[in-house]
There are 2 protein chains.
Amino acid sequence: MSGSVKNSYYAVIFTSEMRASSVGYEEMAQAMLNLARKQPGYLGVETARGPDGTGITVSYWRTEHDIQAWRQNAEHGLAQEKGRQDWYSQYRVRVCKVEREYGNHPGEE
Amino acid sequence: MSGSVKNSYYAVIFTSEMRASSVGYEEMAQAMLNLARKQPGYLGVETARGPDGTGITVSYWRTEHDIQAWRQNAEHGLAQEKGRQDWYSQYRVRVCKVEREYGNHPGEE
């Protein structure tokens, strides 16, 4: 059930607290998910936001270079700026190397 | 704003899909958070579950050894067993090394 990861990959953990008003957020979030899917090295995404406004989005990427390219994507840059200014009271991004994984369903690797 | 991590640490990304019936889940989840806080090497936790039943919990730990010890904690073991049998239709655990991080508020490191 448990195992090391054969082909290494990376996870970007994005945690955020939403402000009370988040006009336009849902549309932008969906647009960014659609855009990310087209990026080189994109492997998948998982996202959840609770009723208290705490959100966690984890995206998975083949290499750190792919993550850097996504971070520097122009359209994504506008969304990041808007997020910082309007939507998130707090946010944090952690870039991580997946060392091992296990579970009861096939992963994205 | 951006920076590498001075003292390395680890993230455990736990993603799950809840079954429709989850009797006893909330109490157990809260008990496990309280128990984790007392474990050696525990640095913090972030958790979110959306209305569709998708949940993401990320816990942060000083070392991989601390993660292993928490995984093998007896009381936690009972909760894991109950989760697999009763609460989660799917779950996946990824153990990750945090390589770098940035954001607009102090992290847990």
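Within every chain, numbering begins at 1; the chains are lettered A, B, ... in the order of the sequence lines, protein sequences first and strands thereafter.
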Distance-only check: which donor-acceptor pairs under 3.5 Å involve side-chain atoms of residues 72-80 of chain B, not counting sequence neighbours?
residue	atom	partner	partner atom	Å
B:Asn73	OD1	B:Glu75	N	3.0
B:Asn73	OD1	B:His76	N	2.9
B:Asn73	ND2	B:Gln39	OE1	3.3
B:His76	ND1	B:Trp70	O	2.7
B:His76	ND1	B:Gln80	NE2	3.3
B:Gln80	NE2	B:Arg71	O	3.0
B:Gln80	NE2	B:His76	O	3.4

Cation-pi check, A:Arg94 onto B:Tyr60 ring (under 6.0 Å, within 45° of axis):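 A:Arg94 over B:Tyr60 ring: yes.
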To the closest 0.5 Å, what do you measure between [atom1] ([X]) and [atom2] ([Y])?
X	Y	atom1	atom2	value
A:Lys97	B:Cys96	NZ	SG	10.0 Å
B:Glu64	A:Glu99	CD	CD	5.0 Å
B:Glu46	A:Thr54	CD	OG1	8.0 Å

Within a strict 4.5 Å, meaning less than it, do heavy atoms of the [X] and [Y] side chains meet?
X	Y	result
A:Thr15	B:Val58	no
B:Ile67	A:Arg100	yes
B:Asn104	A:Gln90	yes

List, one per line, each side-chain donor-acceptor pair under 3.5 Å for residues 22-34 of chain B, sequence neighbours excluded.
residue	atom	partner	partner atom	Å
B:Tyr25	OH	B:Arg49	NH2	3.2
B:Asn34	OD1	B:Arg37	NH1	2.9
B:Asn34	ND2	B:Gln30	O	3.4

Closest approach of B:Gly50 to A:Ala48 (non-hydrogen atoms, all atoms of both residues):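 That would be N-CB, 4.0 Å.
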Portion of B:Ile13 that has a non-hydrogen atom of chain A nearer than 4.5 angstrom: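 The side chain, not the backbone.
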Proximity breakdown for B:Ser89 and chain A, heavy-atom pairs closer than 4.5 Å: backbone
Which atoms of A:Thr47 approach chain B - backbone, side chain, both or neither, heavy atom under 4.5 Å: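 When you check distances to chain B, only backbone atoms of A:Thr47 fall under 4.5 Å.
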Contact leader toward chain A among B:Asp52, B:Val12, B:Val98, B:Ile56, where contacts are heavy-atom pairs under 4.5 Å: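 Heavy-atom pair counts peak at B:Ile56.
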